[in-house]
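The structure appears below as structure tokens.
Both ligands and their constituent atoms are indexed starting at 1 by order of listing.
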Amino acid sequence: MPDSLQALLRPRSVALIGASNRPRSLGGMITERFLAAGFQGQFFPVNPKQSEVHGHTAHPSIAEVPGEIDLAIVVVPRDFVLPTLEQCREKGVGAVSVITAGFREAGEEGAGLEQRLIEALGPMRMIGPNCMGQMNTAPDVRLDGTFSPVPALAGPIAFASQSGALGVVVLNICHERSIGFSQFVSMGNKADVTENDLISAWEHDDAAPVIALYLESFSDARALRPLAERVSRRKPIVLVKAGRTSAGAEAASSHTGALAGADAAYDALCEQTGIVRADGVEQMLDVAMLFSRAPLPRGRRVAVQTNAGGPAILATDALIAHGLEMAPLSEPTRAGLREVLPAEAAVGNPVDMIASAGPQEYAACLERILADPSVDAVVSIAVQPPLFAASEILDALHPVIARADKPVLTVFLAGPELMDHVGSLSGPPPVFRSVEAAAAALAHAVDYAEWRGREHGEPEARPLAEDEIAQEIARGHERKDGYLPADATFRILEHAGLPVTPWRLVGRLAELEAAGAEVGYPVVLKAEASGLVHKSDVGGVAVNLTGPEALREAGELMSRRLDEAGLGPEGRQWLVQAFRPGGREVIVGGHRDPSCGPMVMFGLGGRYVEVFGDVRFALAPLGAGDAERLVSGIRGARLLQGVRGEPPVAPGVAEGALRQVGLLMERFPEIAELDVNPLLLAGDEAGCGVVDARIRVSG
Ligand code: ADP
Ligand code: MG
């Protein structure tokens, strides 16, 4: 961790500028919280109007504080923040936490002021402004620089929040559920320190084995990609991303642009970097708690143990719905379970130990279930048993779970007292309040474990003919709608290493015959005109033309149709293309997300893309295995594998096209959008090829 962040997150001396005895002021609240936490370093309250704050000598200004200051917490009125930061800088303070609000979030004037704060920082780092401060619960730090009404319980999770209020919500839930934090940072306006800084700081911090984030916007999503990919290989990052971008839908004139729904880029970012994207803060805590208390699952086969049927059925439903599997328990496991259970109990999966089950039965059955090699994880459900306290069950399970090298998720459908008991255990097991929450958390853990087990890095891709592509882009730039002409489009794709079906473009009907002979029959004839987006809509596509006669007739007919449709003859061109019958149509797209940058898309193409919108996205350039996951991840993937005797499509063609388009989007920022629709996929590689494409350049 760089020294400046060390000063921020693990300070040894803290000045609280705006410390106060007044209980109902922000400064007073922070002072109280700070003192209650029992900070292990040196503390210097600063207040020009009070000589003493809660028994500590107060200094009139930061300049008059003796000794070095790692962290200054700033809670002065807005107009004093800038001069205060200037004094801090002069004093050589390491970092500042600006609690005061009224900056960028308050409009233009505030934004201007915030900019001046950034300029005043010099070597100092800053969290905020407009933040709730930070906590560090390490026994040798014990910092609480917030005005949160609830203190953080000590524990493993390092949590950064873009919203102070949500931070408090989270701390509250954690209190209720005995979930602890190592650090909590409210990032406020993120004027200087962002989530990326904190993720980097926590990367090698052993006190922070799990990172949790609540974000409303990414400060730098493009820089986050390599960072998160690296950190996720070491420890999980669990994210809640609130707020959906509408900017992505802007300029959605291509399929790819229109289909790139608001959140597609963030989902892709998370999928590719191993970030676990949680559905709300409760789930974020469930998943972070699970990661911090259990080993990673080695597979998706789950066993359920329970003392009641209903919750076990719900658990099974939830597990299956999340893509997990019910582990088939082996005969020896069942026999072992029978030894400890009454005859009425069920020893399949779920293992229903019935209502009489007590602490011993829970522990003995769990041991036996865990020993079964077909079990990757266990969900242990206890409905408040009639004869025992829930805490007795937990106490019996605890040592078994602590020894296990597989995750065991306990679900206690019992009173709130149990959670206090959880808090009193050293190294408590994962405890959930519903089977659905446990199933969702486990599914996230399985996905993360799978991500960790994957090969990472760059896939093999063919180099692009960059000079040639640049020339085509420059040549095609003249059209004012930004779309490149058909010939430039096809050549760019060829230079980018995509298989393009043989084609010729001619300006006059009289040239068709020569073009047909060059391409080789049967051919397809297409009309090209500026402003003509969907050629088939106006009868501008004629397929399977078997000879020169058919080609000429098709040309004449098409010419008349275009005239009727009001698409005048100027700029009209004729594309003669080899006919490739029987291929399955897919779309390969590229676009730019305003925050994540270049992206690729894959889906079922042709007309299907409009009807089903069955597409998936990934950030460009693609990482190892990304193209394969896109292709196999669409709902209609089976159509490509071949149904009802149909052969599968030639392997690797779509994947290769995706990788090449990913490179193209990355290397050529001038390309705003690109649609290859369709790429025809046949059973053999020679029969595959791009037959239609559009590229829009910007600027
Ligand atoms: P547009 O999308 O402008 O209507 P396309 O060039 O995509 O025009 O052609 C429309 C449809 O015609 C394609 O989706 C495909 O079904 C079929 N098609 C086009 N070109 C060929 C070809 N070379 N071989 C076989 N089928 C083709
Ligand atoms: Mg098309």
As a quick check of understanding, evaluate side chain to side chain donor-acceptor pair (under 3.5 Å) for S217 and Q162, giving each step before the final call.
CA-CA 8 Å; S217 61; Q162 192 169 347; 3.1 Å; yes
Taking the non-hydrogen atoms of D537, is any one of them nearer than 4.0 angstrom to ligand 1?
no
Taking only heavy atoms of K526, which atoms of ligand 1 are found under 4.0 Å from at least one of them?
5 (P), 6 (O), 19 (C), 20 (N)
Which of the numbered atoms in ligand 1 are below 4.0 angstrom from a heavy atom of N677?
7 (O)
Using the side-chain contact (heavy atoms from CB on, under 4.5 Å) rule, take L658 and L622 through it: C-alpha gap first, then chi angles, then the decisive distance, then the call.
CA-CA 8 Å; L658 283 164; L622 297 181; 3.9 Å; yes
To check your reading of the model: name the closest protein heavy atom to atom 23 (N) of ligand 1, its residue, and the distance in Å.
A578 O, 2.9 Å
Contact check, V524 vs ligand 1, heavy-atom distance below 4.0 Å
yes
Distance filter under 4.0 Å to D692 heavy atoms, resulting ligand 1 atoms
1 (P), 2 (O), 3 (O), 5 (P), 6 (O), 7 (O), 8 (O)
Can you confirm if the aromatic rings of F579 and Y521 lie within a centre distance of less than 6.0 Å?
no
Part of K535 with heavy atoms under 4.0 Å of ligand 1, whether side chain, backbone, both or neither:
both
How about R452: does its CZ atom have over 12 heavy atoms from other parts shown lying under 6.0 Å from it?
yes
Answer yes if the ring centres of F617 and F602 are under 6.0 angstrom apart, and no otherwise.
no
Are more than 12 heavy atoms from other residues, nucleotides or ligands located less than 6.0 Å from atom CD of E458?
no
Fit a plane to each ring of H456 and W451, take the angle between them on a 0 to 90° scale, and name the class: parallel (under 30°), tilted (30 to 60°) or perpendicular (over 60°).
tilted
For P678, take its heavy atoms, then give the atoms of ligand 1 lying under 4.0 Å from any of them.
7 (O), 13 (C), 14 (O)
Using 2.8 Å as the threshold, say whether any N, O or S atom from S536 sits that close to the Mg ion (ligand 2).
no
In Å, rounded to the nearest 0.5 Å, how long is the span from CZ of R560 to CD of E556?
7.0 Å
Under 2.8 Å from the Mg ion (ligand 2), is there an N/O/S atom belonging to D692?
yes
Side chain to side chain contact (heavy atoms under 4.5 Å, CB included), paired with L674, selected from V600, V697, I695:
I695
Taking the minimum heavy-atom distance to atom 12 (O) of ligand 1, which of V538, V541, D675, V576 ranks first?
V541
So is G583 close enough to ligand 1, meaning a heavy atom under 4.0 angstrom away?
no
Within-shell test, L680 vs ligand 1, heavy atom, strictly < 4.0 Å
yes
Identify the protein heavy atom lying closest to atom 18 (N) of ligand 1, giving its residue, its atom name and the separation to 0.1 Å.
V543 CG1, 4.2 Å
Closer than 4.0 Å to some heavy atom of F579 - which atoms of ligand 1 meet that?
24 (N), 25 (C)
Polar-atom distance check: R580 versus ligand 1, any N or O pair below 3.5 Å?
yes
Going by the order shown, which atoms of ligand 1 are within less than 4.0 Å of some heavy atom of E585?
13 (C), 14 (O), 15 (C), 16 (O)
Less than 4.5 Å apart, side chain to side chain, heavy atoms only: is that true for R222 and P598?
yes
Does V281 form a side-chain contact (heavy atoms from CB on, under 4.5 Å) with Y214? I'd like the steps, not just the answer.
CA-CA 8 Å; V281 291; Y214 169 83; 4.2 Å; yes
Side chains of R552 and L525, heavy atoms from C-beta outward: is any pair under 4.5 Å?
no
Students should be able to answer this: which protein heavy-atom is nearest to atom 10 (C) of ligand 1, and at what distance?
S536 OG, 3.9 Å
By number and element, which atoms of ligand 1 are closer than 4.0 Å to a non-hydrogen atom of H534?
3 (O), 4 (O)
